[in-house]
Structures are given as C-alpha cells and as structure tokens.
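Down below is the structure, laid out as structure tokens.
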Amino acid sequence: MKALLLVWLLCLLPMLAPAQAADVLTTFENEEQSQLYFSLLKEYRCLKCQNQNLADSHASLADDLRREIRLQILDGKGKNEIDEYLVARYGEFVLYRPRFSAKTLVLWLGPFALLLIGLGSVYLTARRRKTTDREQQIAAMTKSSQAAEQHAARLERARKLLGD
C-alpha cells in the first residue's frame, strides 16, 4: 500500500512543476519590484504574437522575456535600463509606446498634423462658403436694385407717354 501511494505521489510530482515555475516568475523581494514587473509586462510587446503585450502572451518567447525582465528587476535595474536592454536586443518594436526620436517623429506628431490639416480644411471650407453666400446676397441685391431701376425707368417712360 505504501508503495502504491509513493508511485501515485511520484506521478503527481510533474504536475507541481509548472505551479512552482509560475511562483518563481512572480516572486520578488518587495512590492515595488512586483509592481514594476507587472507594469512593464503591459508596456512590452510580445515579439511573436499579433499585438499582444507580454502579460497576455502565452508564447515561449514571452516567457523568456518575462524571465529576463524579472531577473533584471531583481538585479536592481530600473525601467529605463530594462528599456535600453530590450530595445538594443529587439529594436523599438518591443515597446508599445515608442520613444520620441527622429525615427518616430512622424509617429508621434503625425496625428496632431492630421488634426491641424483637418481643422484647417474645415475652417477654409466654412470661410469659402461664407464668402460665396455673401457674394450671392450682394449679387441678388444688385439684381433686385437693377430690376427696381428698370421698373422705375419703365414707369417714367410710361408717364411721359401718357403725358404726365
């Protein structure tokens, strides 16, 4: 009976290994390190997945990156140092929010430039429409005043013909 129980426990031993591995990945010396770890997992992109961060990814490469980030945090490195390491190794693609540089200038300023272009287009269109409406009103007033003058001239001619 003891032998059967021992065999059964040995069979369960491999099932405990993933749980211990997960504990190793999330165990830190203090709460600040833990918070930094989980915040960084949301800021780095999984290099293998389609638009997933490291926290959401189940890829083996994401596991490696999580492990590397954890080790760097335990070594006392901060966010900037870990950013530098990951960017040097994998490029700017690893960052969800790329840093502001000459390479990413269009990425950061492009939406504002498009917004300014859109607002400028709306302003110019409204101004052009307002000018066109004003010109049409002036033309209509001119036309009506010309019609009034012609009407007055006809009346004058009619009065002359009638001998007033």
Side-chain angles (χ1 to χ4, degrees), residues 1-140:
M1 185 68 175
K2 286 184 181 180
L4 185 62
L5 183 62
L6 183 63
V7 169
W8 186 73
L9 287 175
L10 288 175
C11 289
L12 289 178
L13 193 57
M15 295 176 151
L16 298 176
Q20 288 176 341
D23 285 343
V24 168
L25 284 177
T26 58
T27 304
F28 290 96
E29 295 171 357
N30 56 44
E31 186 62 29
E32 289 178 24
Q33 290 177 340
S34 179
Q35 288 178 354
L36 176 62
Y37 174 75
F38 288 111
S39 69
L40 290 179
L41 291 184
K42 293 176 184 172
E43 292 187 19
Y44 296 127
R45 182 187 316 266
C46 176
L47 300 171
K48 194 172 183 180
C49 303
Q50 285 284 329
N51 206 19
Q52 280 186 319
N53 59 28
L54 290 179
D56 295 336
S57 176
H58 299 292
S60 60
L61 181 60
D63 286 339
D64 294 342
L65 287 174
R66 285 191 289 261
R67 189 174 304 115
E68 183 63 34
I69 291 168
R70 179 184 174 272
L71 290 175
Q72 291 198 12
I73 289 172
L74 290 175
D75 285 345
K77 293 183 178 174
K79 180 187 180 317
N80 291 336
E81 293 168 309
I82 295 171
D83 280 354
E84 289 296 327
Y85 171 78
L86 290 175
V87 168
R89 191 164 184 177
Y90 301 107
E92 290 278 336
F93 181 75
V94 76
L95 301 174
Y96 259 118
R97 287 181 285 158
R99 295 179 278 189
F100 188 81
S101 68
K103 288 181 184 177
T104 59
L105 185 68
V106 172
L107 186 66
W108 281 101
L109 298 180
F112 298 111
L114 288 176
L115 178 66
L116 287 176
I117 290 171
L119 290 175
S121 297
V122 168
Y123 173 76
L124 290 176
T125 301
R127 185 175 172 187
R128 188 175 300 141
R129 182 173 293 162
K130 187 176 179 180
T131 303
T132 304
D133 288 346
R134 186 178 303 152
E135 288 173 355
Q136 287 176 347
Q137 286 176 348
I138 291 172

Output a table of donor-acceptor pairs, distance under 3.5 Å, between side-chain atoms of residues 118-126 and any protein atom two or more places apart or on a different chain; print 'none' if there are none.
unit_1, atom_1, unit_2, atom_2, d
Ser121, OG, Ile117, O, 2.9
Thr125, OG1, Ser121, O, 2.8

Compile the donor-acceptor pairs under 3.5 Å between side chains in residues 41-51 and protein atoms, sequence neighbours left out, one pair per line.
unit_1, atom_1, unit_2, atom_2, d
Glu43, OE1, Lys79, NZ, 3.1
Glu43, OE2, Arg97, NH2, 3.2
Tyr44, OH, Asp83, OD1, 2.4
Arg45, NE, Phe93, O, 2.8
Arg45, NH1, Asn51, OD1, 3.3
Asn51, OD1, Tyr96, OH, 3.4

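No side-chain donor-acceptor contact under 3.5 Å links Arg66 to the backbone of Tyr37.
Within 6.0 Å of the CD atom in Glu32, the count of heavy atoms belonging to other residues, nucleotides or ligands does not exceed 12.
The minimum heavy-atom distance linking Gln52 with Asp56 is given by the pair NE2-O, 3.9 Å. Contact detail for Pro111 and Leu107: the closest heavy-atom pair is CD-O, 3.4 Å.
Rounding to the nearest 0.5 Å places CD of Gln136 at 12.5 Å from CZ of Arg134. Annotation: the span from Ile69 atom CD1 to Asp64 atom CG amounts to 11.0 Å, rounded to 0.5 Å. Atoms CZ and CG, on Phe100 and Leu109 in that order, are 4.5 Å from each other to the nearest 0.5 Å.
Considering only heavy atoms from C-beta on, Tyr90 comes within 4.5 Å of Leu65 through its side chain. Here the side chains of Leu54 and Leu40 are not in contact, with every heavy-atom distance at 4.5 Å or above. Counting only heavy atoms from C-beta outward, the side chains of Gln35 and Phe28 never approach each other to under 4.5 Å. The shortest distance between side-chain heavy atoms of Glu68 and Gln72 falls below 4.5 Å.
Every pair passing salt bridge (Lys or Arg N to Asp or Glu O under 4.0 Å) that includes a residue from residues 99-122 is listed here, sequence neighbours excluded: Glu84-Arg99, Glu92-Arg99.
At a threshold of 4.0 Å, the pair Lys130-Asp133 does not count as salt-bridged, since none of the basic side-chain nitrogens sits closer than that to a carboxylate oxygen.
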